[in-house]
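Counting convention: from 1, in listed order, for ligands and their atoms alike.
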Amino acid sequence: MHNITLIKGDGIGPEISDAVLKIIEASGVQINWDVQTAGADVIEIEGVPLPERVIDSVKKNKIALKSPVTTPIGKGFRSVNVQLRKELDLYANLRPCYNLPNVKTRYDGVDIVVVRENTEDLYAGIEHQVDEDTMESIKRITRSASERIAKFAFDYAVKNNRKFVTVVTKANICKLSDGLFLDSARNIAKNYNLPLKEILVDNCCMQLVQNPNQFDVLLLPNLYGDIVSDLCAGLIGGLGVAQGANIGNDYAVFEPVHGSAPDIAGQDKANPTAMLMSAIEMLNYIGEVEAGKKIKFALFDTLKSDIKTADLGGSVSCSKFTNEIISRL
Ligand code: NAI
């Protein structure tokens, strides 16, 4: 029996987490879920969007599965997601991105791993008003955080037989901050027998759209990592299939790349694949490799049978898609 925290989130969060829980249960893995709520609804009852009990639960269980939590845009409370990553020092955001069977995309053979620094950059939330006309946000980059994420990217690359790492910056313009991130990657690369390639983020976006197969592991600071992750998701069929994990030295939180998708929430339309692929990685992480394989096989077989949600051009609901996966387990 594994003890794991489940953060159900909001928007499509509850629908996709219920789907994934049912599939995991049907696979036979025994998990004791510690269900925690966070976000706007929690503020009304507990006064804060991310109560201590959520952090304590992840600290106790070490592992969490999380679905998206809405962040108010241009006003309101700070992102629960960013807070959680900072509080638990989940410094590496790992987003493997590859084609799934029978999901129509512009390119075949996409196989990119995005490694995004998860604790600093513009996400440090250091903003202030200078005068009536001016707001400033501080882009904070440190050598220690840059070196540890570079080391994570290289360790991951070695362990997973990848060929090279590409560090992505705008160091021609942000000479000090991005310059430090680049310099840190160069320093760490010296300890490995793998090449480090370098590219500017604007060119990287263009190259990804024109020829994604030229990339292997991408190493990026927080903001570029966020944006490029969505671009990479678009290469493999969209946010409905893009998986992710936040990893630190002590804890790991597995969650899809996408947000709470308010436009389709509560309509049984959401694609649970991104959340399920994140959960499969979680199962691998806790040693339930066989169950992970079994679920992945059932998911891929469902897609191959042309049973797909609307975001992938299909017509089945989230619950029908879920039941089809379960029937194949
Ligand atoms: P989003 O990822 O929620 O949605 C973008 C588009 O993708 C929408 O058209 C949505 O319907 C579609 N989409 C996303 N996931 C899908 C799925 N599983 N199946 C089918 N279609 C899907 O991004 P958006 O609209 O920018 O953000 C909405 C909210 O989510 C914001 O408050 C944002 O801050 C939050 N957010 C939370 C994240 C997290 O909890 N880790 C990550 C990203 C955004």
Chemist: Please confirm whether Lys66 comes within less than 3.5 Å of ligand 1 when only nitrogen or oxygen atoms on both sides are compared.
Modeler: yes
Chemist: Is it the side chain, the backbone, both or neither of Thr71 that has a heavy atom closer than 4.0 Å to ligand 1?
Modeler: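 Both parts.
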Chemist: Could you tell me whether Glu290 and Lys294 make a salt bridge, using a distance below 4.0 angstrom between a side-chain N and a carboxylate O?
Modeler: no
Chemist: Say whether, by atom type as modelled, one donor and one acceptor occur between the side chain of Thr134 and the main chain of Asp131 under 3.5 angstrom.
Modeler: no
Chemist: Decide whether an N or O pair under 3.5 Å exists between Thr70 and ligand 1.
Modeler: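 Between Thr70 and ligand 1, no N or O pair is found under 3.5 Å apart.
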Chemist: Given Asn246, Val253, Ile264, Asp230, identify the one with the heavy atom nearest to atom 21 (N) of ligand 1.
Modeler: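 The residue whose heavy atom sits nearest atom 21 (N) of ligand 1 is Ile264.
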Chemist: Hey, is atom 26 (O) of ligand 1 under 4.0 Å from any protein heavy atom?
Modeler: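 It does not: no protein heavy atom is found less than 4.0 Å away from atom 26 (O) of ligand 1.
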Chemist: If only atom types and distance count, is the side chain of Asn61 paired as donor or acceptor with the main-chain N or O of Ser57 below 3.5 Å?
Modeler: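 It does hold such a pair.
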Chemist: Any Lys/Arg nitrogen of Asp56 or Lys60 sitting under 4.0 Å from an Asp/Glu carboxylate oxygen of the other?
Modeler: no
Chemist: Would Ala274 count as a contact of ligand 1 if the rule is a heavy atom under 4.0 Å away?
Modeler: no
Chemist: Would you check whether Gly259 has a nitrogen or oxygen atom less than 3.5 angstrom from a nitrogen or oxygen atom of ligand 1?
Modeler: yes
Chemist: Please tell me whether Phe215 and Phe164 form a close aromatic pair, meaning their ring centres lie under 6.0 Å apart.
Modeler: no
Chemist: Would you say Thr142 and Glu120 make side-chain contact, with heavy atoms under 4.5 Å?
Modeler: yes
